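Owing to the predicted nature of the structure, the values given are computational and were not obtained by experimental measurement.
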Amino acid sequence: MQGFQIESNSSEETLEFGKKIAKNLKPGQIIALNGELGSGKTCLTKGIALGIGIKETVTSPTYTIISEYPVNNEILFYHVDAYRLNTERDFTDIGGEEILYSGGFCIIEWSDKIKNLLPNNTISIFIEITGQEKRNITVKGIENFNGVKK
């Protein structure tokens with residue numbers, strides 16, 4: 001799977017990188033996010049949401065597990081936080097597989113908890129904390145990425 005890495009030096013850069021990722025997305029795509037607590041998963045998600053036109057403020061759905069935001073009258077943006085899920089069955093029990101194949105945009109934080117349910121064409125992003133504000137962001141599954149220095 002092709003991929004690349006970038007370094008972010010601030011939450012603002014991470015947010016801007018999310019906007020650039022959004023330019024490369026099409027409805028129906030799934031993004032699997034992983035990284036430790038505080039690495040910037042929600043910050044990156046906010047940037048992606050802004051980049052595809054979400055007007056609402058995107059917040060982490062840690063307790064609700066799934067948040068939905070309208071992109072337009074036909075497409076939804078699903079933001080999933082799998083942190084509190086114990087098993088992949090928990091995800092299927094709350095309708096997770098329907099979300100994966102809904103045709104909307106789907107971003108899943110802590111996606112390693114449901115990795116066996118994700119389709120092969122899922123875009124994988126791992127965020128590593130390398131300093132107080134610095135992050136190393138590894139992206140796999142985007143072949144023709146426009147707008148970012150590789």
Side-chain angles (χ1 to χ4, degrees), residues 3-86 88 90-115 117-119 121-142 145-148:
F4 61 92
Q5 287 187 337
I6 67 139
E7 183 176 88
S8 172
N9 294 300
S10 67
S11 57
E12 293 80 15
E13 284 185 18
T14 300
L15 186 85
E16 289 302 315
F17 180 62
K19 289 180 185 178
K20 291 175 182 178
I21 289 174
K23 292 178 185 178
N24 294 272
L25 298 178
K26 295 180 178 73
Q29 289 190 292
I30 300 163
I31 296 178
L33 290 176
N34 284 295
E36 61 188 280
L37 282 171
S39 61
K41 295 179 296 296
T42 301
C43 182
L44 185 69
T45 300
K46 288 178 182 185
I48 293 170
L50 286 168
I52 61 171
I54 303 296
K55 304 291 185 223
E56 296 177 55
T57 301
V58 171
T59 59
S60 179
T62 301
Y63 296 102
T64 58
I65 301 175
I66 300 170
S67 293
E68 298 177 6
Y69 303 90
V71 177
N72 58 37
N73 292 333
E74 299 172 16
I75 299 172
L76 290 173
F77 174 86
Y78 296 97
H79 182 194
V80 178
D81 188 328
Y83 183 75
R84 294 181 51 229
L85 299 179
N86 294 315
E88 290 177 344
D90 291 344
F91 185 68
T92 59
D93 287 348
I94 61 172
E97 287 185 298
E98 289 83 10
I99 290 170
L100 294 177
Y101 299 100
S102 68
F105 297 94
C106 184
I107 296 183
I108 305 164
E109 295 187 36
W110 301 98
S111 63
D112 56 327
K113 292 192 165 217
I114 60 164
K115 63 184 172 195
L117 300 175
L118 299 175
N121 63 345
T122 298
I123 297 165
S124 297
I125 301 176
F126 182 79
I127 305 174
E128 177 186 13
I129 298 172
T130 56
Q132 186 170 2
E133 288 285 322
K134 290 187 176 195
R135 304 294 186 262
N136 187 23
I137 303 173
T138 303
V139 180
K140 293 185 179 176
I142 297 178
F145 195 83
N146 298 313
V148 172

Report the C-alpha distance between Thr138 and Gln5 in whole Å, list the side-chain angles of each, state the deciding distance to 0.1 Å, and finish with yes or no for side chain to side chain contact (heavy atoms under 4.5 Å, CB included).
-> CA-CA 4 Å; Thr138 303; Gln5 287 187 337; 3.0 Å; yes
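- We find the CD1-OH distance between Ile52 and Tyr69 to be 11.5 Å, quoted to the nearest 0.5 Å.
- Here the straight-line distance linking atom CD of Glu109 with atom CD1 of Ile125 works out to 11.0 Å at 0.5 Å rounding.
- The closest side-chain heavy-atom distance from Pro27 to Phe105 is below 4.5 Å.
- One finds the CG atom of Leu44 at 12.0 Å from the OG atom of Ser11 (value rounded to the nearest 0.5 Å).
- Nearest approach of Asn136 to Ile6, heavy atoms of both residues: OD1-O, 3.2 Å.
- Here Tyr83 pairs with Trp110 under the ring pair (Phe, Tyr, Trp, His ring centres under 6.0 Å) rule; sequence neighbours left out.
- Using a distance-only test at 3.5 Å, with no hydrogens or angles considered, a donor-acceptor pair links the side chain of Asn34 to the main chain of Ser111.
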Go through the steps to decide whether Phe126 and Asp112 satisfy the test side chain to side chain contact (heavy atoms under 4.5 Å, CB included), and finish with yes or no.
-> CA-CA 10 Å; Phe126 182 79; Asp112 56 327; over 6 Å; no
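- To the nearest 0.5 Å, the span separating CG on Asn9 from CD on Glu133 amounts to 9.0 Å.
- At a threshold of 4.5 Å between non-hydrogen side-chain atoms, the residues Leu25 and Ile123 count as touching.
- The CD atom of Glu97 sits 10.0 Å away from the CG atom of Leu118 when rounded to the nearest 0.5 Å.
- A search for side chain to side chain contact (heavy atoms under 4.5 Å, CB included) contacts involving Lys113 returns Ala82, not counting sequence neighbours.
- In terms of heavy atoms, Thr59 sits closest to Thr42 at C-CG2, 4.4 Å.
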Start with the C-alpha distance between Glu12 and Ser10, add both sets of side-chain angles, then the distance that settles side chain to side chain donor-acceptor pair (under 3.5 Å), and finish with yes or no.
-> CA-CA 5 Å; Glu12 293 80 15; Ser10 67; 3.3 Å; yes
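- Between Ile31 and Ile21 there is a side-chain heavy-atom pair separated by less than 4.5 Å.
- Side chains of Ile65 and Phe91 form no contact here, defined as non-hydrogen atoms less than 4.5 Å apart.
- Checked by atom type and distance alone, the side chain of Lys20 never pairs as donor or acceptor with a backbone atom of Gly51 at under 3.5 Å.
- Summarising the geometry of Gly38 relative to Arg135, their closest heavy-atom pair is O-NH2, 3.0 Å, with the distance given to 0.1 Å.
- The two residues Pro70 and Ile54 make their nearest non-hydrogen contact at O-CD1, 3.6 Å.
- Leu100 is listed as a side-chain neighbour of Ile108, based on a closest heavy-atom distance under 4.5 Å.
- Between Phe4 and Phe17, the angle of the ring planes goes over 60°, which puts this pair in the perpendicular group of the 30/60° scheme.
- The CG atom of Leu50 sits 8.5 Å away from atom OG1 of Thr57, with the distance rounded to the nearest 0.5 Å.
- Residues Glu13 and Glu7 approach most closely at OE1-O, 3.9 Å, considering heavy atoms.
- Looking only at side-chain heavy atoms (C-beta outward), Pro61 and Asp81 come within less than 4.5 Å of each other.
- Under the salt bridge (charged side-chain N to carboxylate O under 4.0 Å, His left out) criterion, Asp90 pairs with no residue, sequence neighbours left out.
- Between Val58 and Ala49, the closest heavy-atom pair is CG2-CB, 3.5 Å.
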